[in-house]
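A quick write-up on the structure given underneath.
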Protein chains: 4
Amino acid sequence: MLNRVVLVGRLTKDPELRYTPSGVAVANFTLAVNRPFSNQQGDREADFINCVVWRKPAENVANFLTKGSLAGVDGRVQTRSYDNNEGRRVYVTEIVAESVQFLEPRNSQNNQQNSGSQSNNNYAQGGYAPNQNDNRGQQQGGYKDDPFANDGKPIDISDDDLPF
Amino acid sequence: MLNRVVLVGRLTKDPELRYTPSGVAVANFTLAVNRPFSNQQGDREADFINCVVWRKPAENVANFLTKGSLAGVDGRVQTRSYDNNEGRRVYVTEIVAESVQFLEPRNSQNNQQNSGSQSNNNYAQGGYAPNQNDNRGQQQGGYKDDPFANDGKPIDISDDDLPF
Amino acid sequence: MLNRVVLVGRLTKDPELRYTPSGVAVANFTLAVNRPFSNQQGDREADFINCVVWRKPAENVANFLTKGSLAGVDGRVQTRSYDNNEGRRVYVTEIVAESVQFLEPRNSQNNQQNSGSQSNNNYAQGGYAPNQNDNRGQQQGGYKDDPFANDGKPIDISDDDLPF
Amino acid sequence: MLNRVVLVGRLTKDPELRYTPSGVAVANFTLAVNRPFSNQQGDREADFINCVVWRKPAENVANFLTKGSLAGVDGRVQTRSYDNNEGRRVYVTEIVAESVQFLEPRNSQNNQQNSGSQSNNNYAQGGYAPNQNDNRGQQQGGYKDDPFANDGKPIDISDDDLPF
DNA sequence: TTTT
DNA sequence: TTTT
């Protein structure tokens, strides 16, 4: 059924790249998306939207985006649940990005290191490339909780979370 | 910043209509949106996506949609947080529907009662009508938790949650 | 770059299915999408939006949709140009549907013939299935004009129009 | 009915700002949106998508965007037709932008002149502001053709084209 | 806690 | 050239 999300915002932190036991890359990041209207106190707020991206685009995200980078996401809303360490069921809504667009010019602020530049275009595209062969990274661990609460520690992401 | 969501799915329950202390209508509902792919067990799963709608469209949703109704939503992803009754901060991601389209023909299943039909069109549109005058309903109470965990009991929705 | 369109509307005519010389299916159809607002005469207008869909979903569209069917489209805006028979360049903007959702219950009006019903679901989904083997149909001809102006006559659609 | 488009691309030319006889601002511009895939010759193509924006955002677009600016558009697909000067009916599909996001940092290339900077944010948002009072500009003329073929010459845009 |  |  129709399920489509498009976002443009800035990463609140560096993305986190992991690999499932079978070697599939996953990156998590949060986009801060400013609201187009002010609240009753006259302030502009933002939404902090958790995103996940799989496979090759996950590695591109990890390589090209850092805290503060401007990025566009085209994807789907997904929901899942897990039992936290108090045995309580937790419900999660997040955006599965099918493609990620890098909107930060390559030569800007903290992106200096990427200025190698193979293209005549300062922006890069993290599209979805279906056929790849990508099982170098490996990672496991006793993880049984929300990835978003688990920065950097070893985890065990099930391949069941794969969105295709 | 760009933040756009479009969904088509079925209501998992009847929508819940409430009013803020100042009389603004809010309806909550969950859409079950079937995924276009099967999981590793070969089953088709669904995402259960929480939606909120304000003002006149909220009342239309409450009047025209029931459990199982097919509906389309055009809106934005929003995030908020609140402290639950154990003093723990809970983060919520939900879709604020700017317009809701009723995709269930009026004369179908349990919608029989609506077949009065003022229009020559069996489908109705719950668009956003900016200028209205809508402060009949009133509701208050000691609510300090997630609306989605609080079906039917008296609540106190802050006008701060208004998305405009 | 981000380019996303989501539509729900009704087919203005039966879809037209054709095949490229190399046997790839293409279907064209126009969606009438009612506007959510009235014009200055107080009338509700519609937009008549040309859509193209390729491969397996093209055949599904041809099999399941007819004039008047309610359908959802998730796709991209594409532009192309061609020289018409007066040697004038014509610019075309159309929606390339990546997936088409059938929103008409199978047992409705003129869809009776489809009520064989393999699934317990009255709605079908015309998703994009990347790996297929589809080169029965064949078609050729002296076509050098807009497909939309060429209903049913033999044509020669170039594989160059393939959106991937 | 659902009709939603989101685009990110670059202006192919400076936007054209005009006013209807009753003083409503309209801006036209074309976005070049790069395709995420290559054609059979291995080249990356772009779609050139005509956009229209009304009222205050039209003036913002005219003030802040120039040829080459990166911009995001959230809007709807609209179709219309007119009779050209050979008495032939021409069909037009274009995007009516409800909001335009400026993705070009204010201090970049040819945007130097805008670096006055009232905000602590280098990006500006051309959202839709419903209540305004905007009838300084005035313009009329014997226009009876496609606005996109009529750069800079006096025109007469009918208020009938207003999308609300 | 989930819809057809 | 338009659908319910």
Side-chain angles (χ1 to χ4, degrees), chain A residues 1 3 79-81 88-91 93, chain B residues 7-16 28-35 44-51 65-71 73 101-111 117 119-125 146-152, chain C residues 7-16 28-35 44-51 65-71 73 101-111 117 119-125 146-152, chain D residues 1 3 79-81 88-91 93:
Chain A
M1 284 167 144
N3 180 342
T79 58
R80 59 185 172 88
S81 61
R88 195 194 298 278
R89 184 130 282 242
V90 178
Y91 294 90
T93 297
Chain B
L7 304 172
V8 170
R10 292 187 178 279
L11 292 239
T12 60
K13 298 193 303 188
D14 291 357
E16 298 163 33
N28 291 297
F29 59 95
T30 299
L31 278 188
V33 181
N34 297 318
R35 296 191 182 164
R44 284 299 209 74
E45 294 176 74
D47 294 291
F48 299 98
I49 304 173
N50 293 331
C51 299
L65 298 180
T66 55
K67 179 177 173 169
S69 299
L70 190 69
V73 158
Q101 189 185 1
F102 308 146
L103 294 167
E104 206 64 77
R106 275 255 233 296
N107 48 5
S108 74
Q109 4 126 247
N110 35 15
N111 273 32
S117 173
S119 86
N120 65 340
N121 185 331
N122 261 344
Y123 294 83
Q125 161 80 259
D146 184 11
F148 288 98
N150 197 294
D151 300 2
Chain C
L7 304 171
V8 170
R10 292 187 178 280
L11 292 239
T12 61
K13 297 193 304 189
D14 291 357
E16 298 163 34
N28 290 298
F29 58 94
T30 299
L31 277 188
V33 181
N34 297 318
R35 295 189 182 165
R44 285 297 211 73
E45 293 177 74
D47 295 290
F48 299 98
I49 304 172
N50 292 331
C51 299
L65 297 179
T66 55
K67 178 176 174 172
S69 300
L70 190 68
V73 158
Q101 188 186 2
F102 308 147
L103 293 167
E104 206 63 77
R106 275 254 234 295
N107 48 6
S108 74
Q109 5 125 248
N110 35 14
N111 273 30
S117 172
S119 84
N120 65 340
N121 184 331
N122 261 343
Y123 294 83
Q125 161 80 259
D146 183 13
F148 288 99
N150 199 294
D151 301 3
Chain D
M1 282 166 144
N3 180 341
T79 59
R80 59 186 173 85
S81 62
R88 196 194 297 278
R89 183 129 284 239
V90 179
Y91 294 90
T93 298

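Naming: A, B, ... by sequence-line order, numbering from 1 per chain.
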Distance, rounded to the nearest Å, where B:Gln101 contributes CD and F:dT4 contributes P
15 Å
Closest nucleotide among F:dT1, F:dT3, E:dT2 to the D:Tyr91 side chain:
F:dT1
Please determine, for the side chain of B:Ala46, which listed nucleotide (E:dT1, F:dT3, E:dT3) has the closest atom?
E:dT3
What is the distance from CG of B:Leu11 to P of E:dT2, rounded to the nearest Å?
16 Å
Are A:Asn3 and B:Ile49 side-chain neighbours, meaning at least one heavy-atom pair lies under 4.5 Å?
yes
Calculate, to the nearest 0.5 Å, the distance between atoms NZ and NZ belonging to B:Lys13 and B:Lys67 respectively.
9.5 Å
Whole angstroms only, please: what is the CE-C1' distance between D:Met1 and F:dT4?
7 Å
How many whole angstroms separate atom CZ of B:Phe29 from atom C1' of E:dT2?
15 Å
Could you tell me how far apart B:Phe48 (CZ) and E:dT3 (C1') are, to the nearest whole angstrom?
7 Å
Atom CD of B:Glu16 to atom C1' of E:dT1: distance rounded to whole Å?
11 Å
Quick note, C:Asn34 side chain, CB onward, closest among F:dT4, E:dT3, F:dT2 is F:dT4
Listed partners of C:Thr12 passing side-chain contact (heavy atoms from CB on, under 4.5 Å), at least two apart:
C:Thr30, C:Ala32, C:Phe48
Between CG of B:Leu70 and P of E:dT4 the distance, given in whole Å, is 11 Å
Side chain of B:Arg10 only, heavy atoms from C-beta on: which candidate in F:dT3, E:dT3, F:dT1 is closest?
E:dT3
Rounded to whole Å, how long is the line connecting atom CZ of C:Arg35 with atom P of F:dT3?
16 Å
For A:Arg89, side chain to side chain donor-acceptor pair (under 3.5 Å) partners two or more places apart:
A:Ser81, A:Asp83
